[in-house]
Amino acid sequence: MSFDLHTVIADMGSAVKNTVEDNWDEAKSVTIQFLQNRKERIALLAQLSISGELSKEKFKSRLEDEKLILEAELNALAVISKAIAQNAANAAIGVLEKAVKAAIGSVL
């Protein structure tokens, strides 16, 4: 399985949407902006991890950074609780992590 950035970005957005449910109207613009602003970084992290240039530990650390940034941006929305923001960020980054793992598995 290859890594398709556009599919992963769309799936990350869907993961946030499914998590925030009733507050999607408020979270949509923040989520889309985050994904667009971080698209190049997400692609680079995936590429470096898939190629083996980024260790598993460093990849996990960078994913944690991305999760915290998304969580902070979602926390800025008064309508979403901290727990929902954490769950949404976890869901989005989980999608990225699974896609990279799948792509790594197909390279081996």
Side-chain angles (χ1 to χ4, degrees):
M1 175 183 196
S2 65
F3 183 85
D4 181 349
L5 179 63
H6 298 292
T7 300
V8 172
I9 294 289
D11 290 348
M12 290 172 75
S14 293
V16 172
K17 180 179 180 180
N18 291 338
T19 304
V20 300
E21 296 175 342
D22 295 336
N23 302 110
W24 176 240
D25 289 340
E26 293 84 1
K28 182 178 181 179
S29 64
V30 169
T31 303
I32 290 171
Q33 183 177 23
F34 170 83
L35 293 171
Q36 288 303 313
N37 290 344
R38 308 301 287 180
K39 187 188 309 189
E40 287 182 26
R41 178 155 170 83
I42 290 168
L44 180 62
L45 288 173
Q47 177 187 2
L48 292 174
S49 182
I50 292 166
S51 69
E53 294 176 62
L54 188 64
S55 71
K56 191 175 192 177
E57 295 78 25
K58 287 192 183 221
F59 178 66
K60 286 283 223 181
S61 176
R62 299 306 180 268
L63 287 182
E64 184 65 23
D65 294 344
E66 295 303 309
K67 182 182 77 168
L68 292 173
I69 292 167
L70 176 55
E71 185 181 328
E73 290 185 19
L74 290 171
N75 273 325
L77 300 171
V79 296
I80 295 178
S81 72
K82 182 171 176 59
I84 291 173
Q86 286 175 332
N87 290 341
N90 287 338
I93 298 305
V95 166
L96 173 59
E97 187 173 15
K98 285 178 188 173
V100 169
K101 283 182 181 178
I104 289 172
S106 70
V107 172
L108 301 177

Out of curiosity, [X] [atom1] to [Y] [atom2], how far, rounded to the nearest 0.5 Å?
{"X": "L44", "Y": "L5", "atom1": "CG", "atom2": "CG", "value": "11.0 Å"}
{"X": "S2", "Y": "I50", "atom1": "OG", "atom2": "CD1", "value": "8.5 Å"}
{"X": "L63", "Y": "S49", "atom1": "CG", "atom2": "OG", "value": "8.0 Å"}
{"X": "T31", "Y": "I9", "atom1": "OG1", "atom2": "CD1", "value": "11.5 Å"}

*With sequence neighbours excluded, tell me which residues meet salt bridge (Lys or Arg N to Asp or Glu O under 4.0 Å) with K56.*
none
*Which residue pairs pass the side-chain hydrogen bond (donor to acceptor under 3.5 Å, both in side chains) test with at least one member in residues 15-30, sequence neighbours excluded?*
none
Could you work out, with side chain to side chain contact (heavy atoms under 4.5 Å, CB included) as the rule, every residue matching [X], not counting sequence neighbours?
{"X": "Q86", "result": "E71, K82"}
{"X": "Q36", "result": "I32, K39"}
{"X": "E66", "result": "F34, R38, R41, L45, I69, I93"}

*Is the backbone N or O of A10 less than 3.5 Å from a side-chain atom of S14, with the two atoms forming a donor-acceptor pair by type?*
yes
_L70 vs V16, test: side chain to side chain contact (heavy atoms under 4.5 Å, CB included). Steps then yes/no._
CA-CA 10 Å; L70 176 55; V16 172; 4.2 Å; yes
*asked:* Show the nearest heavy-atom pair for residues I80 and A85, with the distance to one decimal.
replied: CG2-N, 3.6 Å
*Who pairs with N37 by side chain to side chain donor-acceptor pair (under 3.5 Å), at least two apart in sequence or on another chain?*
none
*Below 4.5 Å, heavy atoms only, C-beta onward: do M12 and I42 meet side chain to side chain?*
yes
*Can you find a heavy atom in the side chain of Q47 that is under 4.5 Å from one in the side chain of E53?*
no
*Is a salt bridge present between K67 and E64, judged by a nitrogen-to-oxygen distance below 4.0 Å?*
yes
